[in-house]
Amino acid sequence: MKLMYRLMLTFFTIIIILLVILSVSFMQVTNNTLYHNTWDQLKSYSDSLVQDSIRYDPTNRSFEGFATNSLQTNANLLTRQHVHFAMYDTTHKQIYASNGFTPTISKEQWRKLKDGQVICTKVTMAKVDHQVANTTTPQMTEVLKPYFYKGKLVTVVSIATLISTIKENMHQIVLNLLVAFVIAALLTLAVSYFLARSITQRIQRLQKATHEIAQGNYNVQVATAGKDEVTDLAQSFNIMTQSLAASQQEIRHQEERRRQFMADAAHEMRTPLTTINGILEGLEYDVIPEEDKQHSIHLMQNETRRLIRLVNDNLDYEKIRTNQISMERKVFDAAAVLANLQEQLNKKAQAQGDRITLDITPGLRVYADYDRFVQIMFNITQNAIQFTKDGLIRIQGRAVTNGSQFKVSDNGIGMTKEQLTNIWERYYKADRSRMNTKYGESGLGLAIVHQLVLLHGGKVSVESKYGEGTTFTIFFPDRDHAPHTTVKPSPKQKN
């Protein structure tokens, strides 16, 4: 069964059950009300009968009896309303009976009547003139009421009316209620349809959007009007589609980077491999002069280092990205480390016509993993050398609030806004014309720097203007503000 019909059936069933309960309760209350109203009316008739027919001795105001003429007149009037009565004295003897009305009063009822209780009976069988009641023993509802004069019981009035009159009224009420019930059921069916339709239409929109996603369209969105669970589901669905769209975009972006990287890596590997293969063939066939052999071997060593660097960059990035590196942070002298770094890179800088200067606070302490700190500063400084010709590279270090801060500035070619946006991405190269230089990178150096700084709980930012230069700013938190987590090596590294 479709959800819409199940919802319709649910709504319809619930409302019908409520209508049935209300209808049954209404009929019971109405039935009781009809009986109570009838009893109140019968009591009123009984009081009028006694008041109209009672007789007193004018001398001493003692009770003498009831006037038969008055009783007969009232009997004729009440007969037209299908009301019959009988009167009894204290000896249980019938004084008067209209239309042969002869009720039966039990001993228990007489006891209650003498105590002053009024007895109301829903159904009683009494003899009535069949010409008046169309039957000798009709079903009647009866009221037995005692009357006292000066504290003494003087008479008991039994007054009753045919139940058929009450049933006729009740029957008309039931017919009206049945008509109302049918109308209400039809309205309920219509309301249930529209309610179920409104819910299923929203679910169908979600279903349609799901099919769109299954076919690869991640830009679909679902309307989120309302404040119920279906709306919450639609909002979560829209968030999911946005995440999927972003993921697909990132996958395509990374795939494009991967393809480009593979092309770059293949190109970079082809050059040193070709060089090494050519030298080896020359050595094999002894076509290289003796005085050039040492130079050829040195050239092969350089090309081999390029290949090793390319492979290591990829391995390092993957280890960092998958948290497979170990970090042992400690406090050490950053000034001494950067002085050694300057000495190591001076030769490369001089080859570019560059000059490296240090502006470090003496004894500057930094809390970091020693090897990773060297790797970060080495990569950024080497990047500055790579993109600066006959310029100045300045390394600064200062103690700041909650840690230490380092800046590497150059006056090289700089970067555009688009290049700045992508500078930390894997495989990205800001200047593709330099990818084949002696110090050309695989596009992973700055991505590695970014990941390592984040693992330290630090921050790295870059400012650059095209044609004017670039400044990298790196912040390392101190021991009290650094994240106290250690990245453990993977099982492969332990082996």
Side-chain angles (χ1 to χ4, degrees), residues 256-321 325 340-356 371-372 374-391 393 408 410 412-413 423 425-452 492-493:
E256 179 62 28
R257 293 279 186 237
R258 186 193 66 80
R259 283 197 296 266
Q260 187 61 54
F261 167 74
M262 293 304 295
D264 294 346
H267 184 79
E268 292 218 10
M269 288 181 181
R270 185 183 298 115
T271 301
L273 287 174
T274 301
T275 301
I276 294 170
N277 185 63
I279 294 173
L280 289 175
E281 286 182 354
L283 292 173
E284 180 183 7
Y285 294 107
D286 199 20
V287 297
I288 298 177
E290 190 66 32
E291 63 273 14
D292 291 335
K293 286 184 179 180
Q294 188 62 35
H295 174 72
S296 298
I297 293 172
H298 181 70
L299 185 58
M300 283 194 297
Q301 288 176 336
N302 288 338
E303 297 300 328
T304 302
R305 291 191 187 98
R306 286 183 63 189
L307 291 173
I308 293 172
R309 186 168 59 250
L310 185 64
V311 173
N312 286 340
D313 282 350
N314 274 282
L315 292 176
D316 284 348
Y317 183 84
E318 286 301 321
K319 289 177 181 178
I320 294 170
R321 189 179 65 85
I325 64 169
N340 291 334
L341 181 65
Q342 181 188 26
E343 292 181 7
Q344 293 177 21
L345 293 175
N346 265 334
K347 185 177 180 180
K348 293 182 180 181
Q350 291 169 3
Q352 288 281 98
D354 298 332
R355 183 167 56 91
I356 301 176
D371 292 335
R372 302 304 173 185
V374 172
Q375 186 178 4
I376 291 169
M377 300 305 297
F378 183 91
N379 281 349
I380 293 178
T381 306
Q382 181 175 257
N383 185 79
I385 295 171
Q386 181 181 348
F387 296 103
T388 304
K389 183 71 173 178
D390 300 324
I393 297 165
V408 179
D410 65 68
I413 63 174
I423 193 66
E425 294 189 15
R426 188 182 185 185
Y427 310 127
Y428 185 77
K429 293 185 179 183
D431 185 0
R432 301 190 57 79
S433 66
R434 299 196 176 201
M435 58 186 288
N436 296 323
T437 65
K438 183 177 181 181
Y439 307 117
E441 296 294 330
S442 60
L444 291 170
L446 293 181
I448 291 173
V449 166
H450 187 247
Q451 294 291 331
L452 287 176
K492 292 183 179 180
Q493 280 185 296

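The chain is numbered in sequence order, starting from 1.
- Listed by chain and number, the residues in a side-chain hydrogen bond (donor to acceptor under 3.5 Å, both in side chains) with Arg355 amount to none (sequence neighbours excluded).
- Scanning for side-chain contact (heavy atoms from CB on, under 4.5 Å) contacts around Thr274 gives Arg270, with sequence neighbours left out.
- The backbone N or O of Leu446 sits nowhere less than 3.5 Å from a side-chain atom of Asn379 that would complete a donor-acceptor pair.
- Note that OG1 of Thr381 is 7.5 Å distant from CD1 of Ile393, once rounded to the nearest 0.5 Å.
- The side-chain hydrogen bond (donor to acceptor under 3.5 Å, both in side chains) search around Asn277 returns Glu281, not counting sequence neighbours.
- A distance of 7.0 Å separates CZ of Phe378 from CG of Leu341, quoted to the nearest 0.5 Å.
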Would you tabulate the side-chain donor-acceptor contacts of residues 282-291 under 3.5 Å, counting partners in other chains and residues two or more places apart, or write 'none'?
residue	atom	partner	partner atom	Å
Glu290	OE1	Lys293	NZ	3.2

Apply the test side-chain contact (heavy atoms from CB on, under 4.5 Å) to residues Leu280 and Met300: give CA-CA distance (whole Å), side-chain angles for both, the deciding distance (0.1 Å), then the verdict.
CA-CA 9 Å; Leu280 289 175; Met300 283 194 297; 3.8 Å; yes
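- The side-chain contact (heavy atoms from CB on, under 4.5 Å) with Leu299 is formed by just one residue from the set Ile276, Asp292, Thr275; it is Thr275.
- With rounding to the nearest 0.5 angstrom, the CE atom of Met377 is 6.0 Å from the CD1 atom of Ile380.
- Residue Gly391 comes nearest to Asp354 through the heavy atom pair N-OD1, 2.9 Å, listed as atom of the first residue, atom of the second, then distance.
- For Gln342, the side-chain contact (heavy atoms from CB on, under 4.5 Å) partners two or more places apart in sequence, or in a different chain, are Asn346, Ile356, Leu358.
- Contact record, Gln352 with Lys389: O-CD, 3.4 Å, taken as the closest heavy-atom pair.
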